[in-house]
**Student:** 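Got a structure here, written out as C-alpha cells. Questions coming.
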Amino acid sequence: MAEDFDVVGMHHTYEQIYAAVRRIPRGRVATYGQIAALAGLPRQARMVGYALNALPESRSLPWHRVINAKGEVSPRSEPGFERVQRALLEREGIEFDARDRVSLARFRWQPRLPR
DNA sequence: TTTATGGCTGTCA
DNA sequence: ATGACAGCCATAA
C-alpha cells in the first residue's frame with residue numbers, strides 16, 4: 001500500500017549517491033564501492049556508476065573523483081574519455097603512475113565521521 | 001513479465 | 001600480479 005508511495009525512497013537513493021560524491025574533497029578520490037557505502041548502499045557500486053552515468057552535465061558534481069577499486073579510471077562507453085577524467089584529476093593534484101593508476105593509499109578520501 | 005547489460009567489488013586459483 | 005566467477009540491483013528492450 002504505502003509501497004506505492006515509495007517515490008521518495010526511489011529518488012532518495014540517487015540523491016544519497018550524489019550527496020556522497022559531492023563530499024569528496026578536491027585533490028582526493030573515492031572508489032565506487034566507497035561511495036555506495038557512504039550512500040548507505042553497500043555492495044551496490046554499480047548503482048553509483050549508473051547514477052553518475054545518468055547524471056546531467058549541468059549538475060556540477062565531482063564525478064571525476066570517483067574511480068574503481070584498482071585505483072584506475074574506469075573505462076567508459078566512449079573511448080578516450082579516460083584521459084579526460086585523468087586530466088581533471090591531475091589538475092587537482094592527483095598523481096598517476098606509469099601504469100596510469102592512482103595510489104589509493106595516498107589519494108583515497110578517508111572520511112573520519114561515520115555515515 | 002523476462003532478459004540482457006552495465007563508469008563495480010571481493011574472493012579464489 | 002592477473003584472470004575468472006559470482007553477487008547486487010536499476011534501466012532499457
Side-chain angles (χ1 to χ4, degrees):
Chain A
M1 197 279 155
E3 282 64 69
D4 290 340
F5 296 97
D6 63 350
V7 188
V8 180
M10 281 167 67
H11 295 214
H12 189 255
T13 300
Y14 275 51
E15 286 304 320
Q16 287 295 314
I17 293 175
Y18 296 150
V21 173
R22 191 170 299 185
R23 287 184 210 163
I24 307 173
R26 190 169 175 285
R28 224 77 212 197
V29 297
T31 65
Y32 292 95
Q34 189 181 345
I35 292 302
L38 282 169
L41 305 167
R43 308 304 175 188
Q44 292 185 216
R46 279 185 138 156
M47 295 301 94
V48 176
Y50 283 118
L52 294 180
N53 185 42
L55 184 66
E57 299 174 10
S58 37
R59 189 119 183 184
S60 25
L61 210 71
W63 57 271
H64 55 274
R65 292 178 192 152
V66 184
I67 61 179
N68 62 31
K70 298 169 198 161
E72 200 167 55
V73 176
S74 290
R76 230 187 95 232
S77 308
E78 279 186 47
F81 197 89
E82 184 178 326
R83 82 187 159 185
V84 176
Q85 184 169 354
R86 171 174 174 159
L88 287 169
L89 292 175
E90 291 183 313
R91 203 174 72 176
E92 298 188 345
I94 305 295
E95 295 173 25
F96 286 75
D97 62 15
R99 297 231 234 34
D100 301 313
R101 305 202 319 199
V102 177
S103 175
L104 288 175
R106 296 192 338 199
F107 297 103
R108 183 172 187 163
W109 173 48
Q110 302 178 332
R112 302 298 179 76
L113 302 179
R115 267 274 283 147

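Residue numbers start from 1 in every chain, and the chains themselves are labelled A, B, ... in the order their sequence lines are given, proteins ahead of strands.
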**Student:** Side chains of residues 70-85 of chain A: which donor-acceptor partners sit under 3.5 Å, not counting sequence neighbours?
**Tutor:**
{"from": "Ser74(A)", "atom 1": "OG", "to": "Asn68(A)", "atom 2": "ND2", "distance (Å)": "3.2"}
{"from": "Gln85(A)", "atom 1": "NE2", "to": "His64(A)", "atom 2": "O", "distance (Å)": "2.9"}
{"from": "Gln85(A)", "atom 1": "NE2", "to": "Val66(A)", "atom 2": "O", "distance (Å)": "3.1"}

**Student:** What distance do Trp109(A) atom CH2 and Thr31(A) atom OG1 have between them, rounded to the nearest 0.5 Å?
**Tutor:** 11.0 Å

**Student:** Give DNA chain C the dot-bracket treatment, 5' to 3': Watson-Crick (N1-N3 with N6-O4 or O6-N4) or G-U (N1-O2, O6-N3) under 3.5 Å, [ ] crossing, | other strand.
**Tutor:** .||||||.|||||

**Student:** So with a 6.0 Å cut-off around CZ of Arg86(A), is the heavy-atom count from everything else above 12?
**Tutor:**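 More than 12 heavy atoms, drawn from other residues, nucleotides or ligands, come within 6.0 Å of this atom.
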
**Student:** Between the side chains of Glu92(A) and Arg28(A), is the shortest nitrogen-to-carboxylate-oxygen separation below 4.0 Å, so that they form an ion pair?
**Tutor:** no

**Student:** Compare every heavy atom of Leu38(A) with every heavy atom of Pro111(A), then report the nearest pair and how far apart it is.
**Tutor:**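 Looking at all heavy atoms of both residues, the closest pair is CG-CD2, 4.0 Å.
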
**Student:** Think Arg101(A) forms a cation-pi with Phe96(A), using NZ or CZ under 6.0 Å from the six-ring centre and within 45 degrees of its axis?
**Tutor:**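 Not flagged: Arg101(A) not positioned over aromatic ring of Phe96(A).
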
**Student:** Treat each ILVMFWY residue as a node, draw an edge where side-chain heavy atoms are under 4.5 Å apart, and state whether Ile24(A) and Leu89(A) are in one component.
**Tutor:** no

**Student:** How does each nucleotide of nucleotides 7-13 of chain B score, in 5' to 3' order, for protein heavy atoms under 4.0 Å: base (B), sugar-phosphate only (S), or none (-)?
**Tutor:** BBSS---

**Student:** Check the distance between dT2(C)'s C1' and Arg101(A)'s CZ and give it to me in whole angstrom.
**Tutor:** 10 Å

**Student:** CZ/Arg65(A) to CZ/Arg26(A) distance, rounded to the nearest 0.5 angstrom?
**Tutor:**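 Reported to 0.5 Å precision, the distance equals 7.0 Å.
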
